Amino acid sequence: MIDFYTWTTPNGRKVSILLEELGIDYNVHAINIGKDEQHAPEFLKISPNNKIPAIVDHDTGVSLMESGAIMVYLAEKHGRFLPEGQAARAEVMQWLMWQMGGFGPMAGQAHHFLHFNPGKAAYAEERFGAEVKRLYGVLNKQLEGRDHICGEYSIADMACWPWVSRYEWQQIDLADYPNVRAWYQRLRARDAVQKGYHVPKVMGEIPEG
């Protein structure tokens with residue numbers, strides 16, 4: 001059994017989508033970051049960086065923070081969504097790291113300046129808005145002629161999709177990135193993606209793209 005600590009953010013949804021795709025049992029612990037519950041001492045024992053998501057795997061005794069590390073751990077444990085072949089595995093890891101190091105952080109900054117604090121920092125809005133558009137272009141090129149980022153459906157797709165689901169917060173028109181849009185809608189139709197999106201609670205309809 002997995003104890004899963006999360007909130008309604010893209011990073012949390014990355015892991016909940018994977019858990020649903022794997023079809024394994026897990027207990028959800030909602031950590032309301034709007035109420036600073038991520039700073040509670042009992043949560044800090046699991047996630048020293050006071051960020052969601054985090055898991056405790058009672059089968060193995062493993063406790064993990066950081067969404068990318070959690071996804072690799074679960075994919076390896078269950079032998080799904082992360083290829084075994086060296087080249088294929090490296091490609092998936094490459095795009096997972098692209099999300100972790102670039103797409104997610106830059107989209108998060110766009111959320112902060114474009115969605116939550118518009119009009120307060122023109123330079124930041126321009127900088128992060130432009131970088132997010134560049135990254136969408138990178139993803140759009142990668143998806144040309146592909147149903148999924150690395151050919152086969154993988155944790156790279158699950159890691160990127162929740163960030164794309166907030167395209168409106170980033171002032172992105174998915175019509176400008178047709179390959180991304182088709183991929184986004186393709187994943188949106190998956191039952192596990194729909195279920196994982198609404199963990200730990202329903203937050204309205206999933207944007208259609």
Side-chain angles (χ1 to χ4, degrees), residues 2 4 6-26 28 30 52-53 55 67-68 70-72 74-75 77-83 88-89 91-100 102-104 106-108 110-111 115 132-133 135-209:
I2 299 282
F4 176 43
T6 191
W7 192 239
T8 57
T9 71
N11 281 333
R13 287 169 175 154
K14 288 154 58 173
V15 176
S16 55
I17 288 170
L18 175 56
L19 287 166
E20 290 293 335
E21 291 283 7
L22 291 170
I24 58 179
D25 292 331
Y26 63 98
V28 177
I52 64 94
I55 66 165
S67 57
I70 294 168
M71 296 183 85
V72 172
L74 291 172
K77 180 184 178 183
H78 295 277
R80 298 180 66 194
F81 306 118
L82 181 59
R89 176 188 171 88
E91 184 179 23
V92 171
M93 293 296 292
Q94 169 183 253
W95 285 96
L96 177 63
M97 295 303 106
W98 177 83
Q99 184 281 307
M100 294 290 297
F103 189 48
M106 293 301 102
H111 296 172
H115 181 71
V132 166
K133 289 179 180 178
L135 291 166
Y136 268 87
V138 172
L139 183 57
N140 194 68
K141 184 176 181 180
Q142 175 65 14
L143 284 165
E144 187 173 350
R146 297 170 177 242
D147 286 342
H148 302 103
I149 295 173
C150 299
E152 298 294 327
Y153 185 49
S154 74
I155 56 174
D157 298 284
M158 300 176 215
C160 293
W161 186 90
W163 287 100
V164 176
S165 75
R166 284 188 169 172
Y167 60 89
E168 294 171 314
W169 289 21
Q170 302 148 15
Q171 297 183 7
I172 290 291
D173 184 351
L174 289 186
D176 294 334
Y177 309 93
N179 299 327
V180 175
R181 187 179 192 180
W183 165 86
Y184 172 79
Q185 293 174 341
R186 192 177 301 118
L187 267 63
R188 185 184 183 276
R190 296 179 68 94
D191 289 342
V193 171
Q194 294 183 24
K195 291 177 182 177
Y197 182 91
H198 293 300
V199 175
K201 63 178 183 176
V202 176
M203 292 292 290
E205 293 295 322
I206 304 173
E208 294 184 2

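Note that the structure is a prediction, hence the values are computed from the model and not measured.
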Counting only pairs under 3.5 Å, give me each side-chain donor-acceptor contact of residues 12-21, with atom names and distances, residues two or more places apart or in other chains.
from : atom 1 : to   : atom 2 : distance (Å)
R13  : NE     : Y197 : O      : 2.9
K14  : NZ     : N11  : OD1    : 3.1
K14  : NZ     : S67  : OG     : 2.7
K14  : NZ     : Q99  : OE1    : 2.7
S16  : OG     : G12  : O      : 3.4
S16  : OG     : R13  : O      : 3.2
S16  : OG     : G196 : O      : 2.7
E20  : OE2    : Y26  : OH     : 2.6
E21  : OE1    : R190 : NH2    : 3.1
E21  : OE2    : Y153 : OH     : 2.7
E21  : OE2    : R190 : NE     : 2.8
E21  : OE2    : R190 : NH2    : 3.4

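- Side-chain contact check for E208 versus R188: some heavy-atom pair is nearer than 4.5 Å.
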| Verdict with supporting geometry, H148 and L187, side chain to side chain contact (heavy atoms under 4.5 Å, CB included) | CA-CA 9 Å; H148 302 103; L187 267 63; 3.8 Å; yes
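- You'll find the side chain of I2 stays beyond 4.5 Å of the side chain of D25, heavy atoms only.
- For P83, the side-chain contact (heavy atoms from CB on, under 4.5 Å) partners at least two apart in sequence or on another chain are A88, V92.
- At least one side-chain heavy atom of W98 sits under 4.5 Å from a side-chain heavy atom of L135.
- With contacts defined as side-chain heavy-atom distances shorter than 4.5 Å, the pair W95/V138 qualifies.
- For H115, the ring-ring contact (aromatic ring centres under 6.0 Å, His included) test picks out W169, with sequence neighbours left out.
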| said: As a quick check of understanding, evaluate side chain to side chain contact (heavy atoms under 4.5 Å, CB included) for M93 and V72, giving each step before the final call. | reply: CA-CA 9 Å; M93 293 296 292; V72 172; 3.9 Å; yes
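- Summarising the geometry of A75 relative to I155, their closest heavy-atom pair is CB-CG2, 4.0 Å, with the distance given to 0.1 Å.
- Sorted by first then second residue, the salt bridge (Lys or Arg N to Asp or Glu O under 4.0 Å) pairs that include residues 154-183, not counting sequence neighbours, number zero.
- Counting heavy atoms from C-beta outward, V164 and L174 have side chains that approach closer than 4.5 Å.
- In this structure, NE2 on H198 lies 11.5 Å from OG1 on T8, to the nearest 0.5 angstrom.
- Remark: R80 engages L22 in a side-chain contact (heavy atoms from CB on, under 4.5 Å) (not counting sequence neighbours).
- Here the shortest heavy-atom pairing between V28 and P200 reads CG1-CB, 3.6 Å.
- Annotation: side chain of L139 is not in contact with side chain of Y184 (no heavy-atom distance under 4.5 Å).
- Atom NZ of residue K133 and atom CD of residue Q171 lie 7.5 Å apart, to the nearest 0.5 angstrom.
- What you find for L96 and A156 is that their closest heavy atoms are N-CB, 4.3 Å.
- Every residue meeting the side-chain contact (heavy atoms from CB on, under 4.5 Å) condition with N140, not counting sequence neighbours, appears here in chain and number order: Y177, P178, N179, V180.
- Nearest heavy atoms, R146 versus G151: NH1-N, 3.6 Å.
- Separation of the H111 and W163 ring centroids falls under the 6.0 Å cut-off.
- Using a 4.5 Å cut-off on side-chain heavy atoms (C-beta onward), C160 and W183 make contact.
- Around atom CD of E91, more than 12 heavy atoms belonging to other residues, nucleotides or ligands sit under 6.0 Å away.
- Within 6.0 Å of the NZ atom in K77, the count of heavy atoms belonging to other residues, nucleotides or ligands exceeds 12.
- Closest approach of P10 and P162 over heavy atoms only: O-CB, 3.6 Å.
- A distance of 8.5 Å separates CE of M71 from OG of S154, quoted to the nearest 0.5 Å.
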